[in-house]
Amino acid sequence: MKTLFRGGTVVSGKGTKKADVLVDGEKIVQVSRTITPQAETRVIDITGKLLLPGFIDAHTHFDLDVAGTTTADDFASGSLAALHGGTTTIIDYACPNKGESLRHGLELWHEKADGKCVCDYSFHMTIDDWNADIEREIDDMYAAGISSFKMYMTYPAMMIGDEAMYRVLKKLKEKGGICGVHCENSGVIDALVAEKKAAGENSVACHPQTRPDQLEAEAVGRLLRIAQTVDIPVIIVHMTNAAALKEVEAARKRGQKVYVETCPQYLVLDDSVYYQPDFREAAKFVCSPPIRKAADQKALWAGLRRGEIQTISTDHCSFTPEQKELGRDDFTKIPGGVPGVETRAELIYTYGVTTRKISLATMCKTLAENPAKLYGMYPRKGVIAKGSDADLVIYDPTADHELHASDMVGKAGYIPYEGFAIRGGIQQVWLRGNLVVDHGNLLSGPIGKYIPRGKNML
């Protein structure tokens, strides 16, 4: 059956326009000012509504073993939360342990996700070790549709040294690949943690104090100098602050190509969340890098507005308050991560678009179009155009509401944005022509497809 979305405002990275959209099966077949419905065409009247391409969250961690526990959301609950929030495609991080092959990591993540996802999905491949065997496996990853990778400059179980990072980037340059990097100075963080513990300090506030913004900025600058030596573009994932953004600005002035991702928690929260007297409340916000100051929020919004930041993902890595209790006696053992895949779009619309910090076009670029291009899924994903997958979000600008954990489908049991006022709301979500969310009601089974990806087009 064909479906005609009639009378709405279609949003793209270029702006908005009044247009009808015709879907046949899983694909968009026509976008025109006016489309006359034929016999047996289902007509969806979306007058007064915004029609956006299904959102892409290119930074999630579902079913991840970390810090002696496992994330609250697996691929079943995490993908449900994604759809509920208008995200129709996620890219999760396959994370083989040190000493394991990339092939093993990919097989394990397929086991975790295949047949469980209700939204479409793909994987980045984490590289936490480097040797001749792993180097040979890079070709296998491309054959499997994995065209993006990740490295860590912190966390002993995952981090990779500067020499290995250089060698990885050299190999990825040969393949035309792209790599995201978690940038923090691990050595100095360790020293600051040791000082806190020696002084007998153990509050949640020690978390941001031992991972200050300048250590993120230093690692960003160091990564960019290594990338300059290799002459390869890189992605700075979950950027949090103005100092780090200045390092990117300097690299771009040198002629480097750098892509930047940020997250909602860094755009709408500030570091006061860590100074609450109640451990359990403060621990809910522990993530790395930490949430920064209000001035950093302002710098990030300005970076988005000017096109200096290309994507907004979530780094969704959910733990329950009970799991966060693992760090009550040692702040370094608080599982790091916050839930976000379910609330991202409504937060960005409310606190970005309606406050005129960014435009609707920028929202569309950063949540859909740019990640589709950067991670090799465009134009199948990220755009409302003839031939694209019929992944669609109908947003009602008049459906104001508040965010409450009790309304969420994710398994964390809380959200960092409890009670936040939201302008408008997601009315319907369509995945490849299937109505999967209708006024908050989830209608989909595990119909998500693995999406093999090509090279960066951004």
Side-chain angles (χ1 to χ4, degrees), residues 11-15 52-60 87 89-91 93 122 124 147-151 172 176-183 216-217 220 223-224 227 232-242 244-267 289 296-316 340-341 344-345 347-349 352-353 357-383 453-458:
V11 184
S12 74
K14 295 180 179 179
L52 297 108
F55 307 128
I56 298 167
D57 192 342
H59 193 150
T60 65
T87 291
T89 305
I90 60 99
I91 312 179
Y93 287 92
S122 190
H124 309 284
S147 56
S148 53
F149 301 81
K150 185 179 183 181
M151 292 185 287
L172 296 185
I178 198 78
C179 190
V181 183
H182 179 135
C183 297
E216 180 183 348
V220 168
L223 165 69
L224 293 178
I232 186 175
V234 288
I235 307 164
I236 312 299
V237 299
H238 49 46
M239 178 174 284
T240 73
N241 67 82
L245 196 56
K246 287 185 182 299
E247 296 289 341
V248 172
E249 180 183 0
R252 287 174 174 157
K253 286 181 178 178
R254 296 194 295 265
Q256 289 182 250
K257 183 170 285 188
V258 187
Y259 303 102
V260 178
E261 166 199 278
T262 193
C263 307
Q265 57 267 34
Y266 306 123
L267 294 166
D296 294 304
Q297 284 183 22
K298 184 176 180 180
L300 294 176
W301 282 117
L304 286 163
R305 185 170 57 252
R306 294 192 294 260
E308 297 167 358
I309 299 174
Q310 285 69 47
T311 67
I312 304 173
S313 300
T314 64
D315 194 9
H316 180 102
V341 74
R344 173 182 59 149
L347 286 168
I348 299 308
Y349 179 80
V353 176
K357 293 183 179 73
I358 61 172
S359 65
L360 261 175
T362 296
M363 175 178 168
C364 185
K365 281 183 181 179
T366 55
L367 298 189
E369 186 175 307
N370 283 352
K373 290 179 177 178
L374 182 60
Y375 296 113
M377 295 185 286
Y378 189 88
R380 178 177 180 179
K381 303 289 187 183
V383 64
R453 297 177 291 109
K455 292 183 179 180
N456 168 30
M457 295 174 280
L458 188 60

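Of the possible polar contacts, one joining the Ser12 side chain to the Lys14 backbone as a donor-acceptor pair under 3.5 Å is found. No side-chain donor-acceptor contact under 3.5 Å links Ser122 to the backbone of Ile91. Side chain of Tyr349 to backbone of Met363: no donor-acceptor contact under 3.5 angstrom is found. The main-chain N or O of Leu224 is found under 3.5 Å from a side-chain atom of Gln256 such that the two form a donor-acceptor pair. A distance-only check finds a donor-acceptor pair linking the side chain of Trp301 to the backbone of Leu267 [under 3.5 Å]. Judged by distance alone, the side chain of Glu369 and the main-chain N or O of Gly13 form a donor-acceptor pair under 3.5 Å. For Arg453 (side chain) and Met377 (main-chain N/O), no donor-acceptor pair under 3.5 Å exists by modelled atom type. Put simply, the side chain of Ser148 never gets that close to the backbone of His124: no donor and acceptor are under 3.5 Å apart.
Taking OG1 of Thr89 as the start and CD1 of Ile56 as the end, the distance is 5.5 Å to the nearest 0.5 Å. Leu52 CG to Leu367 CG: the interatomic distance, rounded to the nearest 0.5 Å, is 8.5 Å. Going from atom CD1 of Ile90 over to atom OG of Ser313 covers 11.0 Å, rounded to the nearest 0.5 Å. To the nearest 0.5 Å, atoms OG1 (Thr262) and NE2 (His59) are separated by 11.0 Å. Distance check: Ile235 CD1 to Leu374 CG gives 4.0 Å after rounding to the nearest 0.5 Å. Here the straight-line distance linking atom CD1 of Ile348 with atom SG of Cys364 works out to 13.5 Å at 0.5 Å rounding.
Within a 6.0 Å radius of NZ in Lys365, other residues, nucleotides and ligands contribute 12 heavy atoms or fewer.
Closest non-hydrogen pair, Tyr375 versus Ala58, comes out as CE1-CB, 3.4 Å. Taking every heavy atom of both residues into account, Thr366 and Pro371 meet most closely at O-CD, 3.7 Å. Nearest heavy-atom pair across Val258 and Arg252 is O-NH2, 2.6 Å. Across Pro264 and Leu347, no two heavy atoms sit closer than the pair CB-CD1, 4.2 Å. Of all non-hydrogen atoms in Met151 and Cys179, the two that sit nearest each other are CE-SG, 3.7 Å. Minimum interatomic distance between Ala227 and Val234 (heavy atoms only, all atoms of both residues): CB-CG1, 3.9 Å.
A side-chain contact (heavy atoms from CB on, under 4.5 Å) with Tyr259 is found for exactly one of Asn370, Ile178, Val248, namely Ile178. Paired with His238 under the rule side-chain hydrogen bond (donor to acceptor under 3.5 Å, both in side chains), one option of Glu216, His182, Glu261 passes, and it is His182.
Within the 4.5 Å cutoff, the side chain of Asp296 has no heavy atoms near those of the Thr240 side chain.
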Practice item. Test side chain to side chain contact (heavy atoms under 4.5 Å, CB included) on Lys357 and Gln297 and set out the steps. Key: CA-CA 11 Å; Lys357 293 183 179 73; Gln297 284 183 22; over 6 Å; no
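For the residue pair Arg344 / Thr314, no side-chain donor-acceptor distance below 3.5 Å is found, with atom types taken as modelled. Between the side chains of Thr60 and His316, no donor-acceptor pair is found at a separation under 3.5 Å.
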